[in-house]
Number of protein chains: 2
Amino acid sequence: MRISELAERSGTSPATIKFYVREGLLPPAAKTGYNQVSYGEEHVRRLHLVRALVDVGGLPISRVRAVVAAVDDPQVPLTEVMGVAQHALPGREASSPPSDPSRAAVLDLVAAQGWAVHDGNPGLAQVAAVLDTWVAMGRKDLFDGLPHYARAAEAVARTDLALVWPDAADRDRSAETVVVGTVLGDVLVAGLRRIAQEHVARTTSHSHSHSTEEPS
Amino acid sequence: MRISELAERSGTSPATIKFYVREGLLPPAAKTGYNQVSYGEEHVRRLHLVRALVDVGGLPISRVRAVVAAVDDPQVPLTEVMGVAQHALPGREASSPPSDPSRAAVLDLVAAQGWAVHDGNPGLAQVAAVLDTWVAMGRKDLFDGLPHYARAAEAVARTDLALVWPDAADRDRSAETVVVGTVLGDVLVAGLRRIAQEHVARTTSHSHSHSTEEPS
DNA sequence: ACGACATGGATAGTGCCACTGTCGATAGTT
DNA sequence: AACTATCGACAGTGGCACTATCCATGTCGT
């Protein structure tokens, strides 16, 4: 197929497709002649993947490049693909590294949850940065809620993984699933959180009741 | 205090502070003379708030302006402040509106959870957009996991609200808490999700595992 | 009191990013 | 043969978040 057809089927302009090929987000098409090329189904898929990461996930082009490189390399195991996707997310590369107290609080939380994770997990720095910001705003009570958030996060992660493993036999398909799931999952959970927030706010008696009730 | 002191205490350059005042993110300082002004503690607080929204939350300046306007207006009730904050989040303003099937799926989910929400809740469109993207990638099995995600989201929302209501007597403070909590909460949950993902991936005995390598 | 230095306010400029437009040579289409 | 589409290279655009420059006016140390 030629570029205009690919453009139609993917909803992306020919100019942008050329741009993506230049940037290494999309593999070059097979040459069928001196000056002609042919795009295939894999380009349609890849384009959908790229648009999902850019439009929905908000990833910058440079991160997308790193992600697709990992997806395309059969040497890279699935778990590492997930790590690459996690690092690619716009997870606030700290202008200043998180403070020691916040890092410690995060490690405490991780230990309390019985979690075992690598030291370079981007979530660690990200959570610590949030805690730093919170205390900079003059608040401290976030720490009380952390275990609740952690339990919810674990439930989310279990669901994430359950959606991935069924495909695990097909490495390429799984790699895409992991990447899309990692990126879209954040947006999905954030959206559901907004809905749930409104529901809870409506159905909570606003009598300043310190509803310290345990979320199930 | 003068601008240079405010700059030091907030970690923001004088040039940026001037910019924020021009953009309406920061109220003008009180004039103490023909050509001199005096910044107060409220400017320090506001600057921390703005930086939190911009740096951690990734909000564009225009959205921050809308948010602080709602925070500053005593007429605006807390629930509406939360709505403004939700709308301000970079929640993927759809290039194309979500498809009918996805919207229906979201409404089904909401009904199944027993949630009652406003039709314009930004989470509805956001979740529908994620579903659209998912099916565009050729997958359908996300729908099975939705109730799990929804339950986790509700747990998160309950914790969110529990952190806010204790302050509800002080409307201004609560407004800030709501805004910061709404924005930082997304980042917090996303970070915890990354940690939990690694933990779950490590501790799940998955027969299809090709590697027990950890994410880099 | 006086001079070096900082401040406030206005305006123009910078750097980055994600595209988008233009061009000339060539290929397919009728 | 006429006409449109395509390829590839490269320059240009528009949006955004600052940042630099000016200069008339203040403030501070001695």
Donor-acceptor check, side chain of [X] to backbone of [Y], threshold 3.5 angstrom: yes or no?
| X | Y | result |
| --- | --- | --- |
| B/Glu23 | B/Ile61 | no |
| B/His43 | B/Pro27 | yes |
| B/Arg158 | A/Ala196 | no |
| A/Glu198 | B/His118 | yes |

[X] [atom1] to [N] [atom2], straight-line distance once rounded to whole Å:
| X | N | atom1 | atom2 | value |
| --- | --- | --- | --- | --- |
| B/Ile3 | C/dC5 | CD1 | C1' | 16 Å |
| A/Arg63 | C/dC16 | CZ | C1' | 14 Å |
| A/Asp55 | C/dC17 | CG | P | 18 Å |

Could you tell me from which nucleotide to which nucleotide of DNA chain D, 5' to 3', there is an atom under 4.0 Å from chain A heavy atoms?
->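 Range of nucleotides touched by chain A: D/dT6 to D/dC10.
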
Start at the 5' end of DNA chain D and walk down; is the nucleotide closest to B/Leu59 or to A/Arg22 reached first?
->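 Going by which nucleotide is closer to the 5' end, it is A/Arg22.
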
Rounded to the nearest 0.5 Å, what's the gap from OG1 on B/Thr12 to CZ on B/Phe19? Could you check?
->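 Here the interatomic distance stands at 12.5 Å.
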
Partner residues of B/Thr16 under the side-chain hydrogen bond (donor to acceptor under 3.5 Å, both in side chains) criterion, sequence neighbours left out =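 B/Ser13.
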
Does A/Gln75 have any side-chain hydrogen bond (donor to acceptor under 3.5 Å, both in side chains) partners at least two apart in sequence or in another chain, and if so, which?
->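 Residues passing side-chain hydrogen bond (donor to acceptor under 3.5 Å, both in side chains) with A/Gln75: none at all.
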
Got a sec, which residues hit salt bridge (charged side-chain N to carboxylate O under 4.0 Å, His left out) with A/Arg9, two or more places apart in sequence or on another chain?
->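 If we apply the salt bridge (charged side-chain N to carboxylate O under 4.0 Å, His left out) test to A/Arg9, skipping adjacent residues, the hits are A/Glu41.
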
Please list, by residue number, the residues of residues 5-20 of chain A whose heavy atoms come closer than 4.0 Å to an atom of DNA chain C; answer none if no residue qualifies.
->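 Per residue number, the list reads A/Ser13, A/Ala15, A/Thr16, A/Phe19, A/Tyr20.
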
Indicate, with a heavy-atom threshold strictly under 4.0 Å, whether B/Ser4 touches base, sugar-phosphate, or nothing.
->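 Sugar-phosphate, no base atom in range.
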
Is there side-chain contact between B/Glu154 and A/Leu192, with at least one heavy-atom pair below 4.5 Å?
->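 Contact flag for B/Glu154/A/Leu192 side chains = no.
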
Check ion pair B/Asp186-A/Arg194 (N to O, under 4.0 angstrom) |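 The answer is yes: the pair qualifies as a salt bridge.
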
Summarise protein proximity over nucleotides 24-30 of chain C in one line of letters, 5' to 3': B for base, S for sugar-phosphate only, - for none, counting protein heavy atoms closer than 4.0 Å.
-> --SSS--

Check the surroundings of atom CD in B/Glu8: do more than 12 heavy atoms from other residues, nucleotides or ligands lie under 6.0 Å from it?
->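 Counting other residues, nucleotides and ligands, CD of B/Glu8 stays at 12 neighbours or fewer.
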
